[in-house]
2 protein chains.
Amino acid sequence: MTVAPERRPLVFERLEHVTDALRRAGHRVTGPARRVIEALFAADGPVSAEQIAAGLDGRQSALELTSVYRNLERLEQIGAVSHVHAGHGPGLYALASTRDREYLVCDRCGRVTSVDPEALDPLRDSLRDAFGHHARFSHFPIHGLCAGCARAPDPASPRADRAARPRRPARARTGA
Amino acid sequence: MTVAPERRPLVFERLEHVTDALRRAGHRVTGPARRVIEALFAADGPVSAEQIAAGLDGRQSALELTSVYRNLERLEQIGAVSHVHAGHGPGLYALASTRDREYLVCDRCGRVTSVDPEALDPLRDSLRDAFGHHARFSHFPIHGLCAGCARAPDPASPRADRAARPRRPARARTGA
DNA sequence: CGCCTGATGCAAACGGCTCGCAACAGGGGC
DNA sequence: GCCCCTGTTGCGAGCCGTTTGCATCAGGCG
């Protein structure tokens, strides 16, 4: 199941744009900071802090987990990064795009489908009209069952919880 | 801000129905098990395992937290209980109703609004049509901003994360 | 009413994340 | 180009919510 790499208009298209923004915000561009940014550019979808710290499975050099979190937080503050909580697992981080993708998570198989936020606007509008609630599915996604799992009969364990907590966090798949 | 107690048609309307179901499923009805069930009947909304273990702020006798979790899991297995993850805090447990309430969470002020699942059916339908995804907002709610917070200007810290992690978990408020 | 087996209590571990603190190193100022 | 100030790092410890291991205890069937 290969997945088309998801390339949306990013807030910062190149590494130097991010480092410039960091400096403009009064931050320093250190080795670890740069490596976190590199990892995010190298990743083919949202990744966990641990994956970044581990150097994306050896593709990059390893870093301190603490430092990764601190850098991700800084990058998030300047709007270069955003993260999503896909179920119980760790938060997944990605370079921020001009309008962040939103996500559908299958509680059975753990699949994460990324969708164009515009596609959810009608839905958002009706929620706002009905409840005054301004919904955002980029940080906490929409859970439920994907088409395949909804079709399948009940599995042995109906506890969706477990399935949604894969050992290695699921990589987001580009969707509709 | 007092809240109308939320009483929906429960899967098991009385304590004995739950204990019967437990026995039918081959479980024993022990002291702690009974006290967890009592606490759920006594609670006026979804509560955390810790609140149950603490005896609902003294209204009940205290229990081992581990035991509370184990009982909640069993009760969930037999369909007597369900839980919701309202943001980063602990899971909140309640007696299962014939059709579980669904939730809207404000990422700024932490407010949890419970809504009638039927009110979200149109939304669910359009999601199913567009993505084949069968959405469920009873376990992982809809996040975003409540009417009040959406109206208010950006606060000092735009990090919604923090606000949504109140020290004491927010009690669900009965909504629309 | 006794025995078997499932439930409990307690302690320890776990995953995800945060914090404290001394040592280190960007990069503005000279 | 160098120095010093201050933000950042590395490492350890800690936190919160939850799970697990294990010896002991007690429901409830026979």
Side-chain angles (χ1 to χ4, degrees), chain A residues 16 19-20 22-37 46-55 61-78 81 83-93 140 157 159 161-162 164-169, chain B residues 19-20 22-37 46-55 61-78 81 83-93 140 157 159 161-162 164-170:
Chain A
E16 309 88 78
T19 54
D20 287 356
L22 271 179
R23 268 188 277 258
R24 251 179 280 125
H27 295 293
R28 289 178 190 172
V29 178
T30 63
R34 177 170 274 111
R35 269 139 79 209
V36 167
I37 305 168
V47 288
S48 69
E50 199 164 11
Q51 284 178 293
I52 296 174
S61 54
L63 305 145
E64 264 300 307
L65 185 55
T66 316
S67 205
V68 172
Y69 275 112
R70 286 193 279 226
N71 276 292
L72 288 172
E73 176 157 17
R74 272 193 289 272
L75 292 167
E76 204 152 3
Q77 268 167 14
I78 66 167
V81 158
H83 76 273
V84 58
H85 296 278
H88 294 274
L92 302 179
Y93 296 78
F140 288 105
S157 155
R159 280 211 57 187
D161 265 20
R162 306 282 177 161
R165 203 186 315 201
R167 285 293 155 258
R168 310 260 156 175
Chain B
T19 54
D20 286 355
L22 270 179
R23 268 188 277 260
R24 251 179 281 125
H27 296 292
R28 290 178 188 170
V29 177
T30 64
R34 177 170 276 111
R35 270 141 76 208
V36 167
I37 305 168
V47 287
S48 69
E50 198 164 11
Q51 284 178 293
I52 296 174
S61 55
L63 304 147
E64 265 299 308
L65 184 56
T66 316
S67 206
V68 172
Y69 275 113
R70 285 193 279 226
N71 275 293
L72 288 172
E73 175 158 16
R74 272 192 289 273
L75 292 168
E76 204 153 3
Q77 269 168 14
I78 67 167
V81 158
H83 76 272
V84 57
H85 296 278
H88 294 275
L92 301 179
Y93 295 80
F140 288 106
S157 153
R159 279 210 57 186
D161 265 19
R162 306 280 178 163
R165 202 187 316 203
R167 286 291 155 262
R168 310 261 155 177

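Just so you know, these numbers come straight off a predicted model, no measurement behind them. Here is the naming used below: chain letters follow the sequence lines, and residue numbers restart at 1 for every chain.
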Give B:G91 one of three labels, base, sugar-phosphate or nothing, depending on what nucleic acid heavy atoms sit under 4.0 Å from its own. sugar-phosphate
Is the backbone of A:G55 close enough, under 3.5 Å, to the side chain of A:R35 for a donor and an acceptor to pair up by distance? no
So A:R74, base contact, sugar-phosphate only, or nothing? Heavy-atom distance under 4.0 Å. sugar-phosphate
Return the value, rounded to whole Å, for the distance between atom CD of B:E64 and atom P of D:dG21. 18 Å
Write down the distance between CD (A:Q51) and C1' (C:dG16), rounded to a whole number of angstrom. 14 Å
Check every strand shown and say whether A:R23 touches a base, only sugar-phosphate, or nothing at a heavy-atom separation below 4.0 Å. sugar-phosphate
Is any N or O donor-acceptor pair between the side chain of B:R70 and the base of C:dT8 shorter than 3.5 Å? no
Rounded to whole Å, CZ of B:R34 lies from C1' of C:dT8 at a distance of 15 Å
Could a donor-acceptor pair under 3.5 angstrom be found where the side chain of A:R28 meets the base of D:dG7? yes
Integer-rounded Å distance: C:dG27 C1' and A:L22 CG: 14 Å
Donor-acceptor pair, B:Q51 side chain versus B:S48 backbone, under 3.5 Å? yes
Identify whether any heavy atom of A:A33 sits under 4.0 Å from a base atom; if not, whether one sits that close to sugar-phosphate; answer base, sugar-phosphate or nothing. sugar-phosphate
Would you mind telling me which residue lines up with the more 5' stretch of DNA chain D, B:T66 or B:G31, judged by nearest nucleotide? B:T66
Atom-to-atom span, CG of B:L63 to C1' of D:dC25 - whole angstrom: 16 Å
Working to the nearest 0.5 Å, report the span between CG of B:N71 and CG of B:L63. 8.0 Å
Contact class for A:S67 (heavy atom, under 4.0 Å): base, sugar-phosphate, or nothing? sugar-phosphate
Measure the acute angle between the ring planes of A:F140 and A:H85, then classify it against the limits of 30° and 60° as parallel, tilted or perpendicular. parallel
Using a cut-off of 6.0 Å, state whether more than 12 heavy atoms not belonging to A:E16 lie near its atom CD. yes
With heavy atoms under 4.0 Å as the rule, sort A:T30 into base, sugar-phosphate or nothing. sugar-phosphate
Phosphate-side-chain proximity, A:Y69 and C:dC17, N/O vs OP1/OP2 below 4.0 Å: yes
Please state how far atom CG in A:L65 lies from atom P in C:dC17, giving the value in whole angstrom units. 8 Å
From CD of B:E50 across to C1' of D:dG17 the rounded distance in Å is 8 Å
Expressed as a whole number of angstroms, how long is the span from A:N71:CG to C:dA25:P? 16 Å
Indicate whether OP1 or OP2 belonging to C:dG6 is found under 4.0 Å from a side-chain N or O atom of B:H27. no
